[in-house]
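Worksheet: one structure, shown below.
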There are 2 protein chains.
Amino acid sequence: MRQTKRDELVRKALDIFYRNGFHATGMDMLVAETGISKTSMYKHFRTKEDLILAVLRLRDENFRNWLYRRVDELADTPRGQLLALFDALGEWFGKREFRGCMFIKASAEFQDRDHPIHVQAAEHKRLLLDHFTRLAEKAGAKDATALACQLLLLKEGAIVTAVLSQNCDPARDAGLAARVLIDQMLAV
Amino acid sequence: MRQTKRDELVRKALDIFYRNGFHATGMDMLVAETGISKTSMYKHFRTKEDLILAVLRLRDENFRNWLYRRVDELADTPRGQLLALFDALGEWFGKREFRGCMFIKASAEFQDRDHPIHVQAAEHKRLLLDHFTRLAEKAGAKDATALACQLLLLKEGAIVTAVLSQNCDPARDAGLAARVLIDQMLAV
DNA sequence: GACAAAAATTACTGATCTGTACACATTCAA
DNA sequence: TTGAATGTGTACAGATCAGTAATTTTTGTC
């Protein structure tokens with residue numbers, strides 16, 4: 001119960017950082033938009049960086065939970081789930097609040113590979129890749145690791161393209177490409 | 001000839017913004033690292049945003065010229081050139097100064113779709129897509145537009161992955177995937 | 001109602017941000 | 001030699017940055 005305020009802060013900060021970027025969002029803006037005092041913020045987090053790391057942890061949890069659950073709802077077989085990844089992506093791109101991948105943006109603003117924020121963004125991608133790999137194994141792919149890598153490339157590319165191009169449907173293109181790659185990897 | 005100083009500024013600012021990010025790079029840092037006075041900077045560019053736009057124009061020119069020329073050197077046939085795209089990407093990823101795609105990073109820091117910097121980043125991607133589409137047409141793809149979109153997804157995904165994952169070879173994965181997609185699109 | 005933890009308020013520090021003002025130096029051409 | 005264009009150096013404005021200190025208010029629990 002006593003964690004409530006902290007959770008509220010992280011939840012609201014997530015929205016603001018996601019919409020506005022990390023460097024462009026000052027602590028004073030967080031105070032104004034969350035209604036939480038700066039003293040409280042600095043009681044829960046020693047620095048802005050610590051807050052950002054907490055935000056990214058929440059984002060990772062939210063996003064992967066959502067994606068895995070949605071894929072599970074959309075298909076039963078491992079092969080079907082690999083394909084459903086891109087249907088789920090399409091749903092995400094269509095949401096009003098879609099603003100691209102928070103981890104790509106984090107790595108763009110904190111470029112140093114050793115920076116904790118960059119490291120955490122990389123960890124998110126690794127967890128996704130692991131999940132894709134397990135799905136590819138269950139589907140019986142000849143080279144599950146390679147297939148998972150390729151599907152991850154399509155996913156990341158689709159996200160970037162969804163942000164930067166209006167008049168196209170990257171989730172559909174990625175899904176069509178994925179089907180070809182999957183069929184080729186499952187063929188005997 | 002009197003454009004020299006302005007060009008020098010844009011060239012040096014490109015390096016600094018690319019390494020350090022846009023918001024994280026202040027005009028005072030540009031003064032310190034370029035040796036060009038702030039007064040001169042603001043004589044050539046009314047605002048920091050104008051300077052960034054000029055930097056992105058130069059980057060677009062440099063990058064596309066390099067990529068197109070490199071692909072031309074690596075292969076003769078249109079199909080070979082589509083594949084060579086990913087060999088060229090691999091060379092780029094291996095360079096010491098590689099820091100990801102400047103336009104992805106620009107769109108991450110200036111998220112508003114109407115923002116001039118975001119618009120210019122989108123234009124860069126559109127020009128690349130056009131080039132890919134022409135190559136796919138020359139190669140005789142059944143659906144040149146679709147193939148070009150898919151290859152662009154692989155390219156963007158590979159760049160993002162090259163930034164965020166150390167222990168893998170996204171250019172190779174993308175190249176292998178591209179071969180499958182191209183073969184499927186060129187098959188009768 | 002009493003008590004203690006948590007949060008808010010307010011004001012502040014020192015640094016940095018974009019952008020400007022002004023005086024002075026350099027270059028080049030007529 | 002004059003004069004205009006282009007450059008530099010320095011100082012500054014006004015806002016905002018991350019982060020802190022001291023005090024008061026709110027809140028939940030016994």
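Since the model is a prediction, treat every value here as computed from it, not as a measurement. A, B, ... follow the sequence lines: proteins, then strands. Residue 1 opens every chain.
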* Would you sort out whether Leu51(B) and Leu30(B) count as a side chain to side chain contact (heavy atoms under 4.5 Å, CB included), showing the intermediate values? => CA-CA 11 Å; Leu51(B) 173 59; Leu30(B) 290 180; 3.7 Å; yes

* side chain to side chain contact (heavy atoms under 4.5 Å, CB included) between Val31(A) and Ile36(A): does it pass, once the steps are laid out? -> CA-CA 5 Å; Val31(A) 172; Ile36(A) 296 170; over 6 Å; no

* **From CA spacing to verdict: salt bridge (Lys or Arg N to Asp or Glu O under 4.0 Å), Glu123(A), Arg126(A)** => CA-CA 5 Å; Glu123(A) 175 68 5; Arg126(A) 198 188 60 76; 3.0 Å; yes

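Within the structure, every side-chain polar atom (N or O) of Lys48(B) is placed at least 4.0 Å from both OP1 and OP2 of dC17(C). The side chain of Ser40(A) places an N or O atom within less than 4.0 Å of a non-bridging phosphate oxygen (OP1 or OP2) of dA8(C). For His44(A), a side-chain nitrogen or oxygen approaches OP1 or OP2 of dA7(C) to under 4.0 Å.
At a threshold of 4.0 Å, the pair Glu8(A)-Lys5(A) counts as salt-bridged, since one of the basic side-chain nitrogens sits closer than that to a carboxylate oxygen. Classification of Asp28(B) and Lys38(B) as a salt-bridged pair holds, one side-chain N sitting under 4.0 Å from a carboxylate O.
You'll find that the side chain of Lys38(B) is closest to dG19(C), out of dA21(C), dG19(C), dT9(C).
Between Met41(A) atom CE and dA21(D) atom P the separation is 18 Å, expressed in whole Å. Rounded to an integer number of Å, the gap from Lys43(A) NZ to dT26(D) P is 16 Å. The separation between Arg46(B) atom CZ and dG19(C) atom P is 9 Å, rounded to whole Å. As a whole-Å value, the separation of Glu49(B) CD from dC17(C) P is 18 Å. Protein atom CZ of Arg6(A) is 22 Å distant from nucleotide atom P of dT27(D), rounded to whole Å. For Tyr42(B) and dT8(D), the OH to P distance is 15 Å, given to the nearest whole Å. To the nearest angstrom, P of dT8(D) lies 10 Å from CG of Leu9(B). Asp50(A) has its CG atom 13 Å from the C1' atom of dG19(D), to the nearest Å.
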Expected list for residues 147-166 of chain A: side-chain donor-acceptor pairs under 3.5 angstrom, two or more places apart:
residue, atom, partner, partner atom, Å
Glu156(A), OE1, Lys125(A), NZ, 2.9
Glu156(A), OE2, Lys125(A), NZ, 3.1
Thr161(A), OG1, Gly157(A), O, 2.8
Gln166(A), OE1, Arg113(B), NE, 2.7

Which atom pairs, donor and acceptor, lie under 3.5 Å between side-chain atoms of residues 98-112 of chain B and protein residues at least two apart or in another chain?
residue, atom, partner, partner atom, Å
Lys105(B), NZ, Gln111(A), OE1, 2.7
Lys105(B), NZ, Tyr18(B), O, 3.0
Lys105(B), NZ, Arg99(B), O, 2.8
Ser107(B), OG, Phe103(B), O, 3.4
Ser107(B), OG, Ile104(B), O, 2.8
Glu109(B), OE1, His23(B), N, 3.0
Glu109(B), OE1, His23(B), ND1, 2.7
Glu109(B), OE2, Phe22(B), N, 3.0
Gln111(B), OE1, Lys105(A), NZ, 2.7
Gln111(B), NE2, Tyr18(A), O, 3.2
Gln111(B), NE2, Arg19(A), O, 3.3
Asp112(B), OD1, Asp114(B), N, 3.0

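Pairs of residues two or more places apart, or lying in two chains, that qualify as side chain to side chain donor-acceptor pair (under 3.5 Å) and include a residue from residues 170-186 of chain B are Arg79(B)-Asp183(B). Residue pairs meeting the ring pair (Phe, Tyr, Trp, His ring centres under 6.0 Å) criterion with at least one member in residues 126-146 of chain A, sequence neighbours excluded: Tyr68(A)-His131(A).
Direction change of the helix axis from one end of the helix from dG1(C)-dC30(D) to dA30(C)-dT1(D) to the other is 20°, with five pairs defining each end axis (rounded to 10°).
For the segment residues 24-32 of chain B, the set of residues with a heavy atom within less than 4.0 Å of an atom of DNA chain C comprises Thr25(B), Gly26(B), Met27(B), Asp28(B), in numerical order.
A donor-acceptor contact under 3.5 Å is formed by the side chain of Thr39(A) with the base of dT9(C).
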